[in-house]
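Following: one structure in structure tokens, then a few remarks.
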Amino acid sequence: MLLEVENLSVWYDKAMLINHLSMGVDTGELVSLVGPNGAGKSTLLRAITGLVSWEREITRRSAHGDIILEGKVTFDRERIDQIPAHEIAKRGLIHCPERRRPFREMTVLDNLMAGAYLLKDRNEIRNNLSKVYQLFPILKDRSNQISGTLSGGEQQMLAIGRALMSKPKLLCIDEPSTGLAPLLRAEVFQKIRGVHQLGITVLLVEQEVGIVFQMATRNYVLSSGRIIAQGPGDQLLQDEVLRKTYLGL
Ligand SMILES: Nc1ncnc2c1ncn2[C@@H]1O[C@H](COP(=O)(O)OP(=O)(O)O)[C@@H](O)[C@H]1O
Ligand SMILES: [Mg+2]
């Protein structure tokens with residue numbers, strides 16, 4: 001497994017947001033994580049990519065409520081649950097957070113270059129940029145435009161493009177279609193397929209179960225901080241209770 005989460009639990013004060021959860025993603029997969037609002041999907045991604053630990057350090061220093069993270073996260077055969085978020089990013093585990101907006105006052109190109117800040121090799125950066133432009137021609141057309149003037153859909157494309165600039169081994173994308181009009185949603189999903197076809201392993205959090213189950217090699221259904229079901233989409237869709245109670249279908 002490229003990513004392996006073992007027996008992970010996260011508490012914010014007395015609220016247990018992730019409850020002894022185990023899951024994994026293998027190299028080359030597109031794995032989805034679905035489930036109702038408040039299930040803990042974003043918390044899980046934040047725990048994997050080091051943001052929960054970062055938040056814990058801050059709250060400790062300001063003597064706010066306690067955040068506890070327990071369990072084991074392994075990435076590329078290395079344990080990462082004890083190391084800082086930027087070190088995790090360096091290892092190729094990149095997070096594209098929920099409602100992430102690019103730096104609004106910077107141009108599209110500057111935003112993309114900011115995504116490559118971990119790389120030193122200019123050829124590699126140029127190579128990545130041409131791949132991003134191939135996947136998102138609109139970003140090439142708009143490369144000198146100020147990012148804040150892009151449409152919502154274009155900003156989401158830019159957020160994904162920026163994450164791609166570091167050539168991640170695993171890209172975690174949190175609800176990229178939320179807040180977009182249906183046509184744009186379809187386009188975002190098509191782009192995520194494109195990202196996967198570039199050979200990048202993807203962990204995708206989404207509400208749009210219908211589309212996501214068609215794209216993903218495997219799916220996890222999360223509810224109240226636990227994995228309550230997993231498997232290929234067609235198999236999960238056969239379960240009436242799952243459909244009605246957890247997938248909103
Ligand atoms: N920083 C936080 N402090 C306390 N509770 C939080 C925090 N972030 C999220 N929660 C709570 O944790 C639960 C899971 O949230 P979240 O991971 O955002 O779910 P999802 O992404 O599946 O909608 C929710 O009940 C939410 O209110
Ligand atoms: Mg969320």
Side-chain angles (χ1 to χ4, degrees), residues 3 5-25 30-71 73 80-81 84-85 88 93-102 152 155-156 159-160 163 170-180 184-185 188-189 192 202-213 215-216 218-230 233 236 241-249:
L3 172 75
V5 175
E6 291 169 82
N7 213 16
L8 183 75
S9 298
V10 176
W11 283 264
Y12 278 80
D13 280 325
K14 292 190 177 63
M16 192 180 200
L17 307 192
I18 299 294
N19 187 342
H20 297 97
L21 185 150
S22 297
M23 54 90 68
V25 180
L30 193 170
V31 172
S32 96
L33 190 62
V34 301
N37 260 329
K41 305 181 294 296
S42 297
T43 305
L44 176 57
L45 290 196
R46 292 167 52 76
I48 291 170
T49 55
L51 295 178
V52 166
S53 303
W54 173 75
E55 208 178 334
R56 180 179 55 187
E57 286 314 309
I58 293 190
T59 48
R60 263 194 195 150
R61 266 181 257 141
S62 61
H64 272 87
D66 236 4
I67 300 173
I68 300 171
L69 188 144
E70 274 177 13
V73 183
I80 58 165
D81 48 272
I88 295 175
L93 207 180
I94 301 293
H95 188 196
C96 201
E98 211 173 352
R99 282 183 290 276
R100 141 107 44 122
R101 289 294 171 249
Q155 292 197 22
Q156 185 60 59
I160 297 171
L170 172 62
L171 180 58
C172 301
I173 315 176
D174 199 349
E175 300 211 16
S177 81
T178 302
L180 298 182
L184 284 173
R185 286 180 176 223
V188 165
F189 285 119
I192 291 168
V202 179
L203 176 58
L204 175 64
V205 167
E206 255 300 333
Q207 305 267 4
E208 289 246 3
V209 172
I211 302 177
V212 166
F213 278 5
M215 295 168 53
R218 239 154 27 83
N219 312 273
Y220 289 102
V221 184
L222 195 63
S223 171
S224 305
R226 296 169 190 262
I227 304 286
I228 55 154
Q230 56 181 295
L236 295 175
V241 177
L242 209 58
R243 286 171 61 108
K244 290 201 172 120
T245 314
Y246 299 103
L247 303 178
L249 297 170

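In listed order, ligands and their atoms are each counted from 1. A quick note: this is a predicted structure, and the numbers were derived from the prediction, not measured.
In this structure, the side chain of T245 does not engage the main chain of L242 through any donor-acceptor pair within 3.5 Å. The backbone N or O of V73 sits less than 3.5 Å from a side-chain atom of D81, completing a donor-acceptor pair. When atom types are taken as modelled, the side chain of K41 and the backbone of L33 share no donor-acceptor pair closer than 3.5 angstrom.
The Mg ion (ligand 2) has S42 among its coordinating residues (N/O/S atom, backbone or side chain, under 2.8 Å).
Residues L247 and V221 form a side-chain contact, since some pair of their non-hydrogen atoms from C-beta on lies under 4.5 Å apart.
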Criterion salt bridge (charged side-chain N to carboxylate O under 4.0 Å, His left out) on R46 and E55, from CA distance to verdict: CA-CA 10 Å; R46 292 167 52 76; E55 208 178 334; 2.5 Å; yes
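For ligand 1, the protein residues within 4.0 angstrom (heavy atoms only) are Y12, L17, P36, N37, G38, A39, G40, K41, S42, T43, E55.
Checked by atom type, the side-chain pair E98/S42 shows a donor-acceptor distance below 3.5 Å.
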